[in-house]
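Here is the structure we will look at, set down as structure tokens.
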Amino acid sequence: MVERLKERYQPKEIEEKWQRNWAAAGLYKVTEDTAKPKYYCLEMFPYPSGKLHMGHVRNYTIGDVVARYYTMHGYNVLHPMGWDAFGLPAENAAIKHGIKPSVWTKDNIDYMRMQLKQLGLSYDWDREVATCFPDYYRWTQWLFLQLYKAGLAYKKKAAVNWCPSCQTVLANEQVVAGCCERCDSEVVHKDLEQWFFKITAYADRLLDNLKKLPGWPEKVKIMQENWIGRSEGVEVAFPLAEGEGKISIFTTRPDTIYGVTYMVLAPEHPLVEELMAKAPNREEIEKFIQMVNKQDELTRTSAETEKLGIFTGSYAVNPLNGEQIPIWLGNYVLASYGTGAVMAVPTHDQRDFEFAKKYNLPLRVVIQSPEGDLDEETMTAAYVEDGILVNSGPFTGLGNQEAIEKICDYIEEKNMGSRKVNYKLRDWLISRQRYWGAPIPIVYCDKCGTVPDENLPVLLPLDDVDFEPGKQSPLAKSKSFVETTCPSCGGPARRETDTMDTFVCSSWYFLRYADPNNDEEAFSREKVDYWMSVDQYIGGVEHAILHLMYARFFTMALHDLGLVGVEEPFENLLTQGMVLKDGAKMSKSKGNVVDPGEIIEKYGADTARLFILFAAPPERDLEWSDQGVEGAHRFLNRIWRLVADWQNLLTAEGKGQAGKAEEALRRQTHQTLKKVQEDIANRFQFNTAISAIMELVNAAYHYREEVENPDPATVRETVELLILMLAPFAPHIAEELWSATGHQDSVHSQPWPQYDPKAIVSDEITVVVQVNGKVRERLSVPAEISDDELKEKALAAEKVQSFIGGKDVRKVIVIPKKLVNIVVG
RNA sequence: GCCGAGAUGGUGGAACUGGCAGACACGCAGGCCUUAGGAGUCUGUGACUCAGGUCGUGCGGGUUCAAAUCCCGCUCUCGGCACCA
């Protein structure tokens, strides 16, 4: 017996009911099944910050539609959720409110999990992972050791961001405009022993593989390409004029090498001390270096900062022409790129030009423009276009592009240097002097040195930890943690007290989802090979570089270690836009935050989902509108009333009469089905898919208005297809209406309906007639009309004739079954 | 500065391969229903208009029978990178 639908749509009641039923029935649980094609739909897991924000709702709603859509299409869909649960805010909460990070994080996870469940998302909750629990991070540690043994993890001294007030190292992301994000003091640089992953070993592959990712947005690929920053050039050694030393420089413009008039070293260059020892103006140089060191990173590396330098008193020799050139120090040369030294060609590099003008250094044109009007005396900017080499010894007269190759060959022949590829990409600094992260499983022993600790997990101490910032990180202060025995010799030893960057934890979570409860290994190769790669990954574009590059690096490295079959983790990537209010990103400081919890409470999850999907296409930013939410809610109410009104008819037996109105409604139903199907499959255009459903509902209302005795068969088909199409978007109301129309099974287990191609064709079509490109008439003609007939009809039309007047018909263009354009003049 | 994306009614957005600009929704206006509506339902809604039309997709040109869509030159907005030699 089918229950009568209530007159009013009460989302809260039905949403809670169906969420319970789905969970009880295990509707969203999946296992490997070779009988079906698999589909891995993944959304970027959240940081458990406290409660969901609208960006989460958007991200997870989009993913849910994709997952439900592919499920209905017969795929075995993996759709998991978890928590990126290590990180700084948990420690801040500990300091501020005295709550343990573990407790704070777990409470947040519990609350946000409840909120995700309220949204009716189709996750297999049996696969939930949280990176902060030992059953996960022991495998993060294990993977670290695999990289360590493969030579991909190493420790070296590096300049890091240091907050003098918090007495701790900060991640680059935690430095906001040169200041500490927590206390706002100015961040300085400090040399410390740090752990790195050798991501640079994969620079070329990370770059080349981008070509194998047609399912990624061009924008993201370009951002990664720029971040990797590959550039080809040549490294050339310039001998010092006095003594034995040499200074190597890197250049991408060897064609300008005869135009070098001086050389600039970074103040951090290793040779600076030696040069300074001989310099007459030693004190001034020291002052200069101190001054540059005081400039913070932001100004130091800004193109707008004034270029400052000082002469060292020493000279080097240009190996190509034997000329002596002065060696300068300059604030604009980066110690961390290339060799930390550059050759300066003021005529053909704008930075060198500005520097030379400021310090009155000589200029020499070595590439002449096609106009031939370049002159050192009159130049106001460097000439960086192509041209012909002049003043360049044996290379004079060559085109500069050709000269690049010739000069490189010459340099290599004469052993002055060699071709080299440089990258902007740096190795990934993964160590953090933090408590709430995965401890790096390394032990230091006086006898054995650095020893990997295979006895995993290396547990974070949960008690006896002092979170107050001080001279040492919380872990370094915890005696019970630090003091251990050497895994190799059994003697007394100390633990590494750094923890791993949280990006390490999130670089492999998509692999753990394939086999989340395995306590023998990080994941079984078999299960990972069944599920990987991720067919659709969805998340914010803010992760375009960091997370997405790290995850790609990890997957490649694990592939090379034989742990996974795939090289690239994410087949298709959708970067969703931000949620804005009043034109700005929602933020507490702007006071324009809309709380998803309140929206769900007031309108229900289906309304929230529908509004977010309808208001903008997924990649674009979405402007929040309270009235738009009302509109989405009204639409659901409209469907509810329609089905409630027709409920008797729907469950009634009997065939009715199928006339014109029925045929038209049926046509629109199947046309809508086709459009919704295509909008989702081709472009994830949920907004236009929903608008098509709205049009169908409007048509159904008109049918109900116009037809006295509606045909039960037509009505039933329309309503059932409508509910099926609605199911991925608004799962609760669809389920309720599905059950109210006499179905036992869940709407979410139904196959996606196929449209009837015969139903969508019409006998009559409307053709537009233009005269000189302007629409003058619309003709209703038989669908099978020939071009000649159409032309004839168009010319004969009364209104068209009046526009032709007496003029000559010069040309008639017929677009079959669509349009006729009559050119007169 | 370089790279990328975008600019369409009062608003969010449609328009797939060059072929009816403004679908759908919001807002607004009006009719019906109602004791009442901030509910529902139906209709209208780019601008100008001599009521026949004319103009109209950031600006200026061009190609074409036909341009929001293609080409050339700009302006502005957003995002990323930012002295990478």
Side-chain angles (χ1 to χ4, degrees), chain A residues 8 217-227 229-231 233 249-253 256 264 298 300-307 330-334 336-345 348-352 354-355 422-426 541-542 544-545 577-578 580 583 611 614-617 619-632 634-635 637-638 641 675 678-679 682-683 685 687-695 697-698 701-702 704-705 766-778 802 810-815 818-825:
Chain A
R8 266 181 57 82
E218 213 52 39
K219 173 173 69 170
V220 173
K221 288 191 277 188
I222 289 168
M223 279 165 73
Q224 292 210 353
E225 202 181 309
N226 292 341
W227 188 262
R230 184 182 199 275
S231 64
I249 57 93
F250 173 76
T251 181
T252 55
R253 293 296 306 274
T256 65
V264 191
L298 214 70
R300 170 79 190 277
T301 57
S302 162
E304 273 100 70
T305 302
E306 191 182 13
K307 288 162 187 52
N331 63 342
Y332 73 101
V333 175
L334 304 172
S336 55
Y337 184 78
T339 60
V342 300
M343 65 179 209
V345 186
H348 305 295
D349 182 286
Q350 187 56 29
R351 294 158 299 185
D352 297 344
E354 287 167 27
F355 193 84
N422 261 318
Y423 301 91
K424 290 186 197 173
L425 185 69
R426 296 278 99 90
V541 73
E542 65 272 19
I545 295 170
M578 289 186 298
L580 311 177
F611 165 72
F614 178 65
E619 325 76 50
R620 292 250 286 257
D621 287 349
L622 181 153
E623 175 69 33
W624 186 266
S625 154
D626 291 332
Q627 287 168 326
V629 176
E630 295 269 359
R634 263 202 298 271
F635 170 63
N637 267 299
R638 228 163 120 76
R641 280 192 305 272
K675 179 160 172 57
E678 288 170 354
D679 280 353
N682 299 343
R683 302 188 288 164
Q685 288 261 19
N687 55 331
T688 50
I690 290 167
S691 78
I693 299 174
M694 287 173 169
E695 285 179 88
V697 171
N698 290 346
Y701 264 76
H702 289 141
R704 192 182 60 159
E705 187 88 350
T766 304
V767 172
V768 170
V769 185
Q770 301 178 326
V771 178
N772 284 346
K774 282 185 180 143
V775 179
R776 297 303 183 186
E777 180 62 303
R778 287 184 175 82
S802 76
R810 289 198 190 156
K811 207 177 190 184
V812 180
I813 287 122
V814 179
I815 307 299
K818 234 178 184 173
L819 177 139
V820 179
N821 189 10
I822 299 161
V823 187
V824 298

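Chain naming here is simple, since letters A, B, ... match the order of the sequence lines and numbering starts at 1 in each. On a predicted model such as this, the values are computed, not experimentally measured, just so you know.
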query = Who does B:G73 pair with, Watson-Crick or G-U, both distances under 3.5 Å?
reply = B:C59

key: Atom C1', compared across B:U49 and B:A14: separation rounded to whole Å   = 28 Å

task = Let me know, please, whether A:Gly628 or A:Ala615 comes out on the 5' side of the other along RNA chain B by nearest nucleotide.
result = A:Ala615

task = Could you say whether A:Ile813 or A:Asn698 is positioned toward the 5' end of RNA chain B, judged by the nucleotide with the nearest heavy atom to each?
result = A:Asn698

key: Euclidean distance for P, B:U35 against B:U45 (whole angstrom)   = 32 Å

query = Considering only side-chain heavy atoms of A:Thr252, which listed nucleotide, B:G40, B:A85, B:A25, is closest?
reply = B:A85

request  = Using a 4.0 Å heavy-atom cut-off across all strands, classify A:His702 as base, sugar-phosphate, or nothing.
outcome  = sugar-phosphate

query = Looking only at atom P, what distance separates B:C55 and B:A5, rounded to whole Å?
reply = 34 Å

ask   = Counting side-chain heavy atoms from CB outward, which of B:G13, B:A85, B:A15 is closest to A:Arg683?
value = B:A15

request  = Using the P atoms only, state how far B:C26 lies from B:A39, rounded to an integer number of Å.
outcome  = 12 Å

request  = Nearest 0.5 Å please: distance from the OH atom of A:Tyr423 over to the CZ atom of A:Arg230.
outcome  = 4.5 Å

note = As its Watson-Crick or G-U partner within any shown strand, both distances under 3.5 Å, B:A21 has none

ask   = If we call it a pair only when both distances are under 3.5 Å in a Watson-Crick or G-U wobble match, what pairs with B:C2?
value = B:G80

task = Indicate yes or no: at least one non-hydrogen side-chain atom of A:Leu580 is less than 4.5 angstrom from one of A:Trp624.
result = no

query = B:A68 pairs with which nucleotide, Watson-Crick or G-U wobble, both distances below 3.5 Å?
reply = none

request  = Taking atom C1' in both B:A82 and B:U11, compute the distance separating them and give it to the nearest angstrom.
outcome  = 36 Å

query = Going by an N to O cut-off under 4.0 Å, is there a salt bridge joining A:Glu218 and A:Lys221?
reply = yes

message = Categorize A:Arg776 for me: base, sugar-phosphate, or nothing, with a 4.0 angstrom heavy-atom threshold over every strand shown.
response = sugar-phosphate

inquiry  = Could you tell me how far B:A68 sits from B:U8 if I compare only their P atoms? Round to whole Å.
reply    = 15 Å

message = Categorize A:Asn687 for me: base, sugar-phosphate, or nothing, with a 4.0 angstrom heavy-atom threshold over every strand shown.
response = sugar-phosphate

inquiry  = Side chain of A:Ser231 only, heavy atoms from C-beta on: which candidate in B:C42, B:G12, B:A85 is closest?
reply    = B:A85

key: Residue matched to B:U45 through Watson-Crick or wobble contacts both under 3.5 angstrom   = B:G27

